[in-house]
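Throughout, a chain's letter reflects where its sequence line sits, starting with A, and its residues are numbered from 1.
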Number of protein chains: 2
Amino acid sequence: MDDIINTLSEAPLFATLTPSVLNDISKNAHPNAHKKGKILFIHGDPAEHYYIVKSGHIKLFRETVDGTQTIIDVLSQGNVFGHTLVFEENTYPYSAEIAESGIIISLPLSDLRDALYNDNTIAINMLRATTNRLRLREKELEHRSTQNASQRIACFFLRHTLQRKNDSLVIHLPYDKMLLAAHLGMQPETFSRALLKLKKDTGIRIEGSSIYLNTLDRLSSYVCSSCSERFPCNG
Amino acid sequence: MDDIINTLSEAPLFATLTPSVLNDISKNAHPNAHKKGKILFIHGDPAEHYYIVKSGHIKLFRETVDGTQTIIDVLSQGNVFGHTLVFEENTYPYSAEIAESGIIISLPLSDLRDALYNDNTIAINMLRATTNRLRLREKELEHRSTQNASQRIACFFLRHTLQRKNDSLVIHLPYDKMLLAAHLGMQPETFSRALLKLKKDTGIRIEGSSIYLNTLDRLSSYVCSSCSERFPCNG
DNA sequence: ATGGTAAATTGACTTTAATCAATTAGAAGT
DNA sequence: ACTTCTAATTGATTAAAGTCAATTTACCAT
């Protein structure tokens, strides 16, 4: 149980909460091991739980009648999802599937709802987090019109290295290329060709799912020239 | 001053607030008439005010070094913007320009900040509003990959008629076609041709900036087949 | 180790939208 | 009404990504 509280308090959403509030929120938390392919919920299901990723990867997506999938997001360790459905009787606005096996903690929305109405810090934290996410989406939307396929891939690499805060210029793709392609809004074939072009244009080295960057400078000038923000951004 | 309070209370963000809180928030509100082309603030400026549109249209946008603009949103009567910068020392994440002359009310972020930390309902309202906006962006992102130019235009028409809640099947474009094209993420030339195609495909009638729809059915089956939501959606 | 399955790549081709250039239509101001 | 400037349309062409099909590669289970 301490373990769960620890995981919770690592998320910015809950970081600043008092131990007693944290306890309230997590009293009905359950960690579950899930295998790749497992569906957690489907777009339109009544929302009763929200989740925290302890390990593995989750794919949030929606699909049209004819089966075309769009990836909303791919979440990894520490990310929270489903918590925006805290209001009233709500349904999930997307489906969630385990993309890489791992442990997911589920928590009842009702507990969060209670805490939210009682404790202003939770509301403030959630507002802050949601605003950040909104900013990310706006930037993503910008990128879809100003950046080509190769640039979007390179942008992902840059953001990925910045997030990890390590000086290493080696990237190990966190999940397979098909999913990454979908996440970046392109076909696998396009991804493959765009990555090749990126290699030619910037001199990065590619070995399977390991990418070796030479310098961040080279990449950032390749990418960020067609973005409204300067490198390094808070992507 | 009553006038200002009225405008404020029409926004969902402030609708449920008590008169005394509303008063606190609006005590330093100033309505200003602005002409088309006027810049309210620029991406990167320190954020000190947020705004409510009383009339006219505001274009929120960002631009890359080479001058390419991306439209984040086009706001009209009743919309609030800039309020998400309520936290700490922040800078505007986009620029705002008057797209159609009108009256804009400016309010200091500091007043909102004070109210936000004191009154949980404001935080909750803002969270709700921001979550809705996030959902819209997610859907927009989906549309960019699943819908073609004609469908995106038709989708705009549908959402526009639904919002107005009138039975009339006549649409008067709220702002000029160049801006609408940019808002939908396409070039003016593409817009022009896509509108022509939409006319051929669905039999709508176009007279300058007036669009006459025959039925919503025809349009919605044309559009919503490549969307993950059924018509009518909450777009 | 190996056979089977899915991912990834590559090629050929099509579709869609962007771009460049020219013309026409419209609106605002004098 | 006329000038002027900008918006809107249309045409011709190019560029980018999607699609369809065929291989090759990588990985998992036995």
Provide, to the nearest angstrom, the distance between the [atom1] atom belonging to [X] and the [atom2] atom belonging to [N].
X: A:L198; N: C:dT9; atom1: CG; atom2: P; answer: 13 Å
X: B:K200; N: D:dT9; atom1: NZ; atom2: C1'; answer: 13 Å
X: B:L196; N: D:dG11; atom1: CG; atom2: C1'; answer: 13 Å
X: B:I206; N: D:dA7; atom1: CD1; atom2: C1'; answer: 16 Å
X: A:M178; N: D:dA26; atom1: CE; atom2: P; answer: 17 Å
X: B:K197; N: D:dT10; atom1: NZ; atom2: C1'; answer: 18 Å
X: B:L179; N: D:dT6; atom1: CG; atom2: P; answer: 17 Å
X: A:D66; N: D:dG18; atom1: CG; atom2: P; answer: 15 Å

Parallel, tilted or perpendicular: which fits the ring planes of A:F156 and A:H160, with parallel below 30° and perpendicular above 60°?
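The arrangement is parallel - the two ring planes meet at less than 30°.
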A:L141 side chain reached by B:L141 side chain, heavy atoms, under 4.5 Å
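A side-chain contact under 4.5 Å exists here.
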Compare all side-chain heavy atoms of B:S220 with those of B:T215 and state whether any distance is below 4.5 angstrom.
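Heavy-atom side-chain distance check fails, nothing below 4.5 Å.
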Nearest to the B:S192 side chain among C:dA8, D:dT10, D:dA7, which nucleotide is it?
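Looking only at side-chain atoms, B:S192 lies closest to D:dT10.
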Any side-chain donor near an acceptor of the partner, A:R133 and A:T84, under 3.5 Å
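Per modelled atom types, A:R133 and A:T84 side chains form no pair under 3.5 Å.
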Would you indicate, yes or no, if D:dT9 has its OP1 or OP2 atom less than 4.0 angstrom from a side-chain nitrogen or oxygen of B:K177?
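Indeed, a polar side-chain atom of B:K177 lies that close.
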Applying side-chain contact (heavy atoms from CB on, under 4.5 Å), name anything that partners B:T91, two or more places apart in sequence or on another chain.
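Once residues adjacent in sequence are excluded, B:T91 has no partner under the side-chain contact (heavy atoms from CB on, under 4.5 Å) criterion.
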In degrees rounded to 10°, what angle is found between the helical axes fit to the five outermost pairs at each end of the helix from C:dA1-D:dT30 to C:dT30-D:dA1?
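Roughly 50°, once rounded to the nearest ten degrees.
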Please identify each residue that fulfils ring pair (Phe, Tyr, Trp, His ring centres under 6.0 Å) with [X], with sequence neighbours left out.
X: B:Y212; value: none
X: A:H183; value: none
X: B:Y92; value: B:F41

Salt bridge B:E140-A:R137, side-chain N to carboxylate O under 4.0 Å:
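A salt bridge is absent here (no side-chain N lies under 4.0 Å from a carboxylate O).
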Is the shortest side-chain N to carboxylate O distance from A:E138 to A:R135 below 4.0 Å?
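The answer is yes: the pair qualifies as a salt bridge.
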Contacts under 3.5 angstrom, residues 188-195 of chain A side chains, donor-acceptor by atom type, not counting sequence neighbours:
none

Salt bridge (charged side-chain N to carboxylate O under 4.0 Å, His left out) against A:R205, all qualifying residues, sequence neighbours excluded:
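Listed in chain order: A:E207.
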With the criterion being N/O to N/O and under 3.5 Å, what pairs connect the protein with nucleotides 16-20 of chain C, and how long is each?
residue: C:dA17; atom: OP1; partner: B:A149; partner atom: N; Å: 2.7
residue: C:dA18; atom: OP2; partner: B:Q187; partner atom: N; Å: 3.4
residue: C:dA18; atom: OP2; partner: B:T190; partner atom: OG1; Å: 2.6
residue: C:dT19; atom: O4; partner: B:R193; partner atom: NH2; Å: 2.8
residue: C:dC20; atom: N4; partner: B:E189; partner atom: OE2; Å: 3.2

Please identify each residue that fulfils side-chain hydrogen bond (donor to acceptor under 3.5 Å, both in side chains) with A:K197, with sequence neighbours left out.
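In terms of side-chain hydrogen bond (donor to acceptor under 3.5 Å, both in side chains), with neighbours along the sequence ignored, A:K197 is linked to A:D201.
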Would you please name every residue forming a side-chain hydrogen bond (donor to acceptor under 3.5 Å, both in side chains) with A:S9, sequence neighbours left out?
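Once residues adjacent in sequence are excluded, A:S9 has no partner under the side-chain hydrogen bond (donor to acceptor under 3.5 Å, both in side chains) criterion.
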For nucleotides 27-30 of chain D, print each protein N/O atom paired with a nucleotide N/O atom at under 3.5 Å, atom names and distance only.
none

Would you mind building the protein contact string for nucleotides 24-29 of chain C? One character per nucleotide, 5' to 3', B for base within reach (heavy atoms under 4.0 Å), S for sugar-phosphate only, - for untouched.
------
